[in-house]
Amino acid sequence: MPAPHPAPRPAPSPASPAPLLVVMGVSGSGKSTVGAALAQRLGVPFADADDLHPAANIAKMSAGEALDDDDRAPWLERIGEWLAGQPAGGVVSCSALKRKYRDQLRHHAPILEFLHLEGAHEVIARRQATRPGHFMPASLLTSQFSTLEPLQPDEHGLVIDVDQSVDAIVEEYVRTATTTSKENR
Ligand SMILES: Nc1ncnc2c1ncn2[C@@H]1O[C@H](COP(=O)(O)OP(=O)(O)OP(=O)(O)O)[C@@H](O)[C@H]1O
Ligand SMILES: O=C(O)[C@H](O)[C@@H](O)[C@H](O)[C@H](O)CO
């Protein structure tokens, strides 16, 4: 049962800067792939939060151990600092599994939007399994789903199903955000 759709924010317009967007979801949901494609489509900088992990976090996940709140806290701070440094908008791919993680990011960038790439376990597991050479083992996918807290109604964001092409996801985001922008005029 998909989570209720949270309130989407208006799309970028001449009057407003491009969004600060976090593409969120469990491991293998397509955050890095969709995030990079979306940043290119919107003409804004992109950062992959995987690149901002302390080495200890990468080692822990590579060893098949799930991260905990203490592991993620410094990582989320670095992501928040990156977001705060993007005055003209930007996209970051970050799992942002828990509400309190998203609150920590909003502390750095209050006007923040989330795009949750939501999908069935079997769809995402198939993509994780066919992904070459990534440090995140497929064995951790179940813990990702059990840790995931969907967007709540008061959080600005969209939920898009991953069971479609990357281009289709990007265009659905742009179309939905643009529609919302017109409705808000
Ligand atoms: N919409 C899509 N359709 C088909 N394949 C996809 C789609 N999105 C991503 N993929 C593929 O699925 C795999 C996982 O994608 P990606 O690495 O972007 O996920 P992720 O959420 O960033 O994972 P992690 O959090 O573990 O880094 C990759 O091989 C990618 O090419
Ligand atoms: O536990 C988490 O929050 C996630 O595992 C992220 O930290 C990873 O970066 C990514 O999903 C795996 O590549």
Side-chain angles (χ1 to χ4, degrees), residues 2 21-42 45-83 90-106 108 112 114-151 155 157-176:
L21 178 67
V22 178
V23 180
M24 62 171 276
V26 299
S27 173
S29 56
K31 301 183 296 296
S32 303
T33 307
V34 170
L38 205 45
Q40 188 174 20
R41 177 74 166 75
L42 297 173
F46 171 69
D48 189 333
D50 282 359
D51 300 332
L52 300 177
H53 270 301
N57 283 5
I58 303 290
K60 190 168 184 178
M61 291 184 277
S62 302
E65 207 181 334
L67 301 181
D68 60 25
D69 292 349
D70 293 337
D71 296 324
R72 294 189 178 106
W75 171 60
L76 292 162
E77 278 304 294
R78 290 185 70 189
I79 298 164
E81 286 158 8
W82 185 88
L83 287 164
V91 177
V92 65
S93 61
C94 163
S95 45
L97 296 174
K98 292 184 180 178
R99 168 67 193 248
K100 67 178 181 180
Y101 299 159
R102 300 190 289 269
D103 288 341
Q104 185 176 346
L105 295 178
R106 275 186 284 258
H108 291 273
L112 195 53
F114 290 85
L115 166 55
H116 180 191
L117 297 180
E118 186 181 66
H121 193 291
E122 54 273 12
V123 170
I124 294 173
R126 200 163 45 242
R127 290 181 182 165
Q128 253 211 336
T130 57
R131 178 174 57 174
H134 193 284
F135 64 80
M136 188 72 171
S139 59
L140 285 181
L141 189 56
T142 302
S143 75
Q144 293 274 298
F145 274 100
S146 59
T147 306
L148 176 64
E149 297 169 2
L151 288 170
E155 295 186 84
L158 296 177
V159 181
I160 295 183
D161 189 316
V162 299
D163 200 7
Q164 55 186 319
S165 72
V166 174
D167 287 348
I169 293 170
V170 168
E171 291 314 312
E172 181 175 343
Y173 169 83
V174 172
R175 189 173 55 250
T176 310

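Both counts, for ligands and for their atoms, begin at 1 and track the order of listing.
- Less than 4.0 angstrom separates some heavy atom of Ile169 from each of these atoms of ligand 1: 1 (N).
- Between Tyr101 and ligand 2 there is no heavy-atom distance shorter than 4.0 Å.
- Side-chain contact check for Glu172 versus Ile169: every heavy-atom pair is 4.5 Å or farther apart.
- In this structure, Val34 has no heavy atom closer than 4.0 Å to ligand 1.
- Among protein heavy atoms, atom 13 (O) of ligand 2 sits closest to His134 CE1, 3.0 Å.
- Against a heavy-atom cut-off of under 4.0 Å, Phe135 is close to the following atoms of ligand 2: 13 (O).
- When hydrogens are left out, the protein atom nearest atom 5 (O) of ligand 2 is Gln144 NE2, 3.1 Å; that is the closest non-hydrogen contact.
- Inter-residue side-chain proximity for Thr142 and His121 is flagged as met; some heavy-atom pair is nearer than 4.5 Å.
- Taking every non-hydrogen atom of Asp50 and a distance limit under 4.0 Å, the qualifying atoms of ligand 2 come out as 8 (C), 9 (O), 10 (C), 13 (O).
- In terms of protein heavy-atom proximity, atom 18 (O) of ligand 1 is closest to Thr33 OG1, 2.7 Å.
- The protein heavy-atom contact nearest to atom 27 (O) of ligand 1 is Asp50 OD2, 2.8 Å.
- Atom numbering of ligand 1 starts at 1 in the shown order; those under 4.0 Å from a heavy atom of Val26 are 21 (O).
- Within 6.0 Å of CZ in Arg41 there are 12 or fewer heavy atoms belonging to other residues, nucleotides or ligands.
- Side-chain contact between Ile79 and Trp75 is present, with heavy atoms from C-beta onward closer than 4.5 Å.
- The number of heavy atoms from other shown groups lying within 6.0 Å of CD (Glu171) is above 12.
- Closest to atom 11 (C) of ligand 1, if we only count protein heavy atoms, is Arg127 CD, 4.4 Å.
- In this structure, Trp82 contributes its side chain and Ala49 its backbone to no donor-acceptor pair below 3.5 Å.
- In this structure, Phe135 and His53 have perpendicular ring planes: the angle between them is above 60°, well past the 30° mark.
- Nearest to atom 25 (O) of ligand 1 by heavy atom, out of Gln164, Lys31, Gln144, is Lys31.
- For atom 9 (C) of ligand 1, the candidate residues are Ser165, Ser32, Gly28, Gly30; the nearest heavy-atom contact is made by Gly30.
- In this structure, the protein non-hydrogen atom closest to atom 3 (O) of ligand 2 is Ser95 OG, 2.7 Å.
- Using a 4.5 Å heavy-atom cutoff, the side chains of Ser29 and Val34 are not in contact.
- Some N or O of His53 is nearer than 3.5 Å to an N or O of ligand 2, by distance alone.
- Residue contact check for ligand 1: Ser29 places a non-hydrogen atom closer than 4.0 Å to it.
- At a heavy-atom distance under 4.0 Å, only backbone atoms of Val162 (N, CA, C or O) approach ligand 1.
- Annotation: atom 26 (O) of ligand 1 to nearest protein heavy atom, Ser27 OG, 2.7 Å.
- Considering each of Met136, Gln128, Arg131, the one bringing a non-hydrogen atom nearest atom 24 (P) of ligand 1 is Arg131.
- Looking at Lys100 and Asp69, their side chains come closer than 4.5 Å, going by heavy atoms from C-beta outward.
- Residue Met136 has at least one heavy-atom neighbour below 4.0 Å for each of these atoms of ligand 2: 5 (O), 12 (C), 13 (O).
- Ala37 and Val166 make their closest contact through CB-CG1, 3.9 Å (heavy atoms, listed as atom of the first residue, atom of the second, distance).
- Using modelled atom types, no side-chain atom of Asn57 and backbone atom of Leu67 make a donor-acceptor pair closer than 3.5 Å.
- Partner of Arg102 under the side chain to side chain contact (heavy atoms under 4.5 Å, CB included) criterion, chosen from Leu151, Val22, Leu97, Leu112: Leu151.
- The shortest side-chain heavy-atom distance between Arg127 and Val162 falls under the 4.5 Å cut-off.
- Considering both main-chain and side-chain atoms, Arg72 comes within under 3.5 Å of ligand 2 through a nitrogen or oxygen pair.
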